[in-house]
K.L.:
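Input: one structure, supplied below.
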Amino acid sequence: MCFLYSASTTLPRFAWQACRDRLRWLYCPSLPAIGFAARNTLASLIALAAALWMELDSPQWAVATVWSVAQVRRGESMSKARWRIVGTLAGAVAAVVFIAAFPQQAWLFFPAVAAWIGLCSFLATFSVNFRSYAFVLSGYTCSIIAVAAASQPDNVFFIAVSRATYIVLGVVCEAAMALLFAHNLASRARATMLARVEDVLHRLASLLREIVLYDRETLIHAGEFSDVMVSVHHGIEFPAIEMGRHSHAGDHARAVFANISIMVTRLVGLSGSMERAELSKDPLLVDTRGRLLQLCDRLVSCRLQRNMLDTLLRHVTQLHALFQDRARSENDETRRITHSVLCDAMADLATAITHCQAIFMPPPHDRFRFRLPGHRDLRLAFHNGLRGAIAIVGAGMIYEVTAWPGGMGFIAITTLVCGLFATRENPVVGTSRFLSGAIWSAVAAGCLDLWIIPYLADYEVLALVLGVFLFVGGLAKYNPATAGAAAAYGLLMPNLLMPGNQLRVDEVTFLNAALHTVLAVGLSLLVFRLVLPFDARNERGRYGRHIRVELRGLCVMPLPPLPQWWIGASVDRIGRLVRHAARTSDHTAAGDIRQTLLLSAVGLNILLLRQLKREQRHEASQTLTLLMRALARYRPISRRGIAMISVARRRVLLMLRREPDNLWLLRVLGCLDGIGRAASDCVTENRTSQE
């Protein structure tokens with residue numbers, strides 16, 4: 001009885017504690033959260049007042065625009081506002097074209113709009129950050145304007161101008177209010193960028209320590225490091241926007257990430273070579289490891305300050321000279337090759353530190369530009385476009401068959417939600433939260449439309465009441481755990497209010513609007529979950545096959561890409577695999593992530609080998625040409641390909657023995673060893689996974 005009593009009293013206590021922690025964002029918000037919510041609530045109310053004063057036909061979209069553009073970081077808001085205007089204008093033009101091309105022809109009009117939505121979703125998948133949002137916005141803006149003008153095609157131009165007007169109005173109000181709350185924006189953005197670069201250097205120290213000590217989990221942690229690099233690389237765009245166009249700190253930061261990624265991938269190909277050669281007790285290699293561990297200690301304590309960066313650069317330069325001297329003076333080929341690779345890695349790190357100095361102390365008349373490309377997934381883009389098109393055609397068919405009075409709104413909201421889902425790497429993630437946000441928006445709008453707004457006669461009182469609901473939505477959007485649902489709440493709740501100067505929403509109108517809104521979100525959720533659903537395991541296999549085909553192309557293409565291009569695409573792929581495996585808690589993904597990282601090392605060394613071949617004409621150049629042709633024919637990741645690499649290595653090694661002072665041959669051997677080791681590990685990993 002005592003046990004039962006204690007359990008009955010303990011369980012409610014735990015439940016209350018969990019509920020209290022979950023709602024802490026509401027009853028105990030932080031000061032930044034309060035500032036964010038207050039800023040955007042004021043901007044929304046000002047935008048609504050201006051839209052009512054201008055007597056626009058749909059003033060609620062000005063409020064929705066404010067919450068759509070509003071982001072936690074000012075740089076994100078500025079970028080999203082810019083691309084929202086571009087997408088709105090493109091969608092408005094497309095809507096006018098479709099209405100003019102297919103008047104009173106529903107079964108030509110709906111497929112044409114569906115095709116446009118599919119094309120926009122397809123192109124959005126190839127872009128990152130809010131550039132993809134511009135494509136999506138042009139899709140659903142076209143649908144919203146075209147659907148609204150379907151029954152009155154003569155007014156399509158005025159409807160398009162009206163929508164563009166309240167979109168621009170919402171953007172301007174949000175931007176103006178954000179400027180009032182922004183203090184020392186450039187200095188805070190620089191501090192954010194420096195903190196992110198410092199975090200990358202500290203993570204590099206941990207990973208480099210594992211590589212030096214030959215940790216068995218090095219490849220897994222290297223994959224996690226790639227995921228961090230991708231997220232930081234994508235996020236660095238927004239502090240760069242806040243710092244202004246005159247600053248090139250963002251370009252230097254991207255160059256830091258590129259050089260560090262090349263260094264890590266280069267060392268992955270070298271990782272474990274000393275252990276495999278059973279030279280771990282060699283005094284020279286023990287000294288080399290000790291010096292690299294000292295470098296790791298310096299990187300851990302590194303801060304982006306002038307004195308510390310100068311000291312670190314001098315230390316890396318000394319290591320570069322030391323490893324170069326050891327590569328030139330040693331007698332053992334294995335140790336010479338190892339130190340040659342380490343010498344190149346120190347050169348990569350020195351270049352990265354130089355760019356770190358340029359972030360901290362920009363050089364005069366800095367015109368440096370750098371872009372790090374990412375992976376472009378053609379199949380995912382096609383699936384996103386096809387799903388969006390199927391959803392619109394299905395919604396149009398429901399409207400035509402049922403003659404539902406709210407069918408046009410149902411189609412418009414379906415287009416909007418499908419477009420938002422299409423910008424995600426895994427469209428299934430977050431759909432349930434978006435549906436819950438849509439339901440909460442209907443509940444909040446119902447309370448306002450049916451119980452509160454009918455008793456209000458002045459805008460000031462309406463603003464006071466509506467501001468409470470918007471403020472709560474702002475607090476929820478600032479909280480990461482509820483941001484997905486809050487995005488739907490801020491976007492859909494103003495649309496359900498339908499405020500107007502001479503308009504009061506009755507129960508039937510509201511229930512129809514709420515029904516078609518929630519059903520549209522539900523239809524979009526079903527389409528993305530049932531039609532060509534995203535499968536992380538299928539994605540991993542597809543990436544592996546795609547990279548293997550790319551490796552054969554790298555061997556023979558007339559103009560091979562720069563190593564930065566390959567590293568950017570490879571790091572993006574690895575980061576996606578790590579994120580998707582973490583979201584689904586798939587522990588079987590470790591082998592595929594390791595294979596992808598090894599394939600990335602093979603591709604980098606192939607490009608470096610071709611770069612070396614262009615730098616100098618030598619007897620070994622013909623051997624490298626024959627090797628590249630053989631690898632393109634027999635595949636680098638195969639037993640025959642590994643055998644061809646071994647044959648080429650023996651030939652180059654004989655040339656090195658005839659020319660012991662030729663450091664170019666040492667670098668060639670380092671690339672050949674990197675390809676051979678990574679390919680052998682990949683074949684072994686593949687055989688183990690099949691068994």
Side-chain angles (χ1 to χ4, degrees), residues 32 35-51 54 56 58-93 120 123-124 127-142 144-145 160-183 185-186 188-189 192 234-247 250 416 419-420 423 470 473-474 477-478 483 486-492 494-495:
F36 174 79
R39 181 188 83 197
N40 293 295
T41 298
L42 289 176
S44 301
L45 296 177
I46 293 173
L48 179 60
M54 296 169 66
L56 297 177
S58 301
Q60 66 270 17
W61 284 109
V63 181
T65 298
V66 171
W67 286 102
S68 177
V69 171
Q71 302 294 318
V72 174
R73 290 202 59 88
R74 181 69 195 124
E76 296 179 14
S77 298
M78 294 167 66
S79 177
K80 194 170 186 179
R82 178 194 312 160
W83 291 110
R84 185 174 180 87
I85 292 176
V86 172
T88 299
L89 295 178
V93 172
C120 292
L123 296 175
S127 303
V128 295
N129 290 338
F130 296 122
R131 286 178 288 278
S132 64
Y133 178 71
F135 285 110
V136 165
L137 188 65
S138 64
Y140 72 71
T141 299
C142 168
I144 291 173
I145 295 175
V161 171
S162 176
R163 173 160 179 81
T165 301
Y166 48 70
I167 292 297
V168 174
L169 175 63
V171 168
V172 169
C173 290
E174 194 276 337
M177 191 58 60
L179 287 176
L180 296 178
F181 282 77
H183 300 286
L185 188 62
R188 287 191 288 117
T192 300
H234 289 170
I236 211 72
E237 175 184 347
F238 306 118
I241 293 175
E242 295 172 4
M243 293 171 67
R245 292 175 177 249
H246 63 279
S247 174
L416 187 152
L420 294 177
T423 61
L470 295 177
K477 190 168 184 177
Y478 193 89
Y489 176 88
L491 187 63
L492 300 177
N495 184 50

K.L.:
Can you spot which of V93, V86, I85 makes a side chain to side chain contact (heavy atoms under 4.5 Å, CB included) with L89?
P.N.:
I85
K.L.:
If you look at every heavy atom in P494 and Q60, which pair is closest and at what distance?
P.N.:
O-CB, 2.9 Å
K.L.:
Is a donor on one side and an acceptor on the other found under 3.5 Å between the side chain of T141 and the backbone of S138?
P.N.:
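It does not hold such a pair.
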K.L.:
At their closest point, which heavy atom of P59 faces which heavy atom of A51, and how far apart are they?
P.N.:
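Looks like CB-CB, 3.5 Å.
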K.L.:
Going from CD1 on I145 to OG1 on T88, what distance comes out if it is rounded to the nearest 0.5 angstrom?
P.N.:
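Rounded to the nearest 0.5 Å, the CD1-OG1 separation comes to 7.5 Å.
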K.L.:
List the steps and the verdict of side-chain contact (heavy atoms from CB on, under 4.5 Å) for Y166 and M54.
P.N.:
CA-CA 10 Å; Y166 48 70; M54 296 169 66; over 6 Å; no
K.L.:
Where do A160 and A92 come nearest, in terms of heavy atoms and distance?
P.N.:
CB-CB, 4.0 Å
K.L.:
Which word best sums up how the rings of Y140 and Y133 line up, parallel for under 30°, tilted for 30 to 60°, or perpendicular for over 60°?
P.N.:
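It falls in the perpendicular class, over 60°.
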K.L.:
Taking it one step at a time, do L56 and W61 satisfy side-chain contact (heavy atoms from CB on, under 4.5 Å)?
P.N.:
CA-CA 10 Å; L56 297 177; W61 284 109; over 6 Å; no
K.L.:
Would you confirm whether K477, through its side chain, and W67, through its main-chain N or O, come within 3.5 Å as a donor-acceptor pair?
P.N.:
yes
K.L.:
Kindly write out the residues that satisfy side chain to side chain contact (heavy atoms under 4.5 Å, CB included) with A37, not counting sequence neighbours, or none if the list is empty.
P.N.:
F471, L475
K.L.:
Determine the minimum heavy-atom distance between V66 and A47, stating which atoms define it.
P.N.:
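Heavy atoms only, the tightest pair is CG2-CB, 4.1 Å.
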K.L.:
Which residue is it: V172, V171, L491? I am looking for the one with a side chain to side chain contact (heavy atoms under 4.5 Å, CB included) to T65.
P.N.:
V171
K.L.:
Please report the interatomic distance CG(L48) to CG(L470), rounded to the nearest 0.5 Å.
P.N.:
9.0 Å
